[in-house]
Amino acid sequence: EGSRVAIVVPMREWERGYAWAYYRASWFLAGREVVPLLDEDDRFLRENLQRADFVASWGGEARLPRFVPLWRGPDGILYGRER
């Protein structure tokens, strides 16, 4: 409850899939703040990564400074901020 979760998905364009994944994640992660890592102009939002407590990566591994894998499943990885 109350955590900020950033979303990493294979789609790197807002209109070509990232928006769908972001809004879908917001539904599944109710009670948490889902923060996008892309804006509507497909620019990377570094400040949102810095605000995130966790990163949910679907469809592959992500190289994220200051985050460590907490859980791995067949379709994705949950990272937590390194302490």
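Positions are given from 1, in the same order as the sequence printed here.
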Answer yes or no: is there a donor N or O on one side and an acceptor on the other, between the side chain of Arg81 and the main chain of Gln50, under 3.5 Å? yes

Residues Ile77 and Arg72: closest non-hydrogen pair is CD1-NH1, 3.2 Å

Which atoms form the tightest heavy-atom contact between Met11 and Ala21, and what is the distance? CE-CB, 4.4 Å

To the nearest 0.5 Å, what is the distance between OG on Ser57 and CG on Leu78? 10.0 Å

Spatial distance of atom CZ (Phe44) from atom CG (Leu38) [nearest 0.5 Å]: 8.0 Å

For the hydrophobic clusters of this structure (ILVMFWY residues joined by side-chain heavy atoms under 4.5 Å, transitively), does one cluster hold both Val35 and Leu64? no

Taking every non-hydrogen atom, the tightest pair across Val8 and Arg12: CG1-NH1, 3.8 Å

Tell me whether Trp14 at atom CH2 has more than 12 heavy atoms from other residues, nucleotides or ligands lying less than 6.0 Å away. yes

Heavy-atom donor-acceptor pair, Arg43 side chain to Glu40 backbone, under 3.5 Å: no

Shortest non-hydrogen contact between Asp41 and Asp39, atoms and distance: N-OD1, 2.9 Å

Do NZ/NE/NH1/NH2 and the carboxylate oxygens of Arg66 and Glu82 come within less than 4.0 Å? no

Under 4.5 Å between any side-chain heavy atoms of Tyr18 and Ile7, yes or no? yes

Could you state the interatomic distance from CZ (Arg32) to CG (Asp53), rounded to the nearest 0.5 Å? 11.0 Å

Among residues two or more places apart or on two chains, list those pairs meeting side chain to side chain donor-acceptor pair (under 3.5 Å) that have a residue in residues 20-29. none

Distance-only, no hydrogens or angles: does the Arg4 side chain make a donor-acceptor pair with backbone N or O of Val34 under 3.5 Å? no

Would you say the side chain of Glu33 lies within less than 4.5 Å of the side chain of Val5, judging by non-hydrogen atoms? no

Enter the distance from Glu1:CD to Leu29:CG here, rounded to the nearest 0.5 Å. 11.0 Å

Contact check, side chains of Leu70 and Tyr79, non-hydrogen atoms, under 4.5 Å: no

Asn48 side-chain N/O to Pro36 backbone N/O, donor-acceptor pair under 3.5 Å: yes

May I ask whether Val9 and Trp71 are part of the same hydrophobic cluster, defined by side-chain heavy atoms of I, L, V, M, F, W, Y residues being less than 4.5 angstrom apart, directly or through others? yes

CZ of Phe67 to CG of Leu49: how many Å apart, nearest 0.5 Å? 5.0 Å

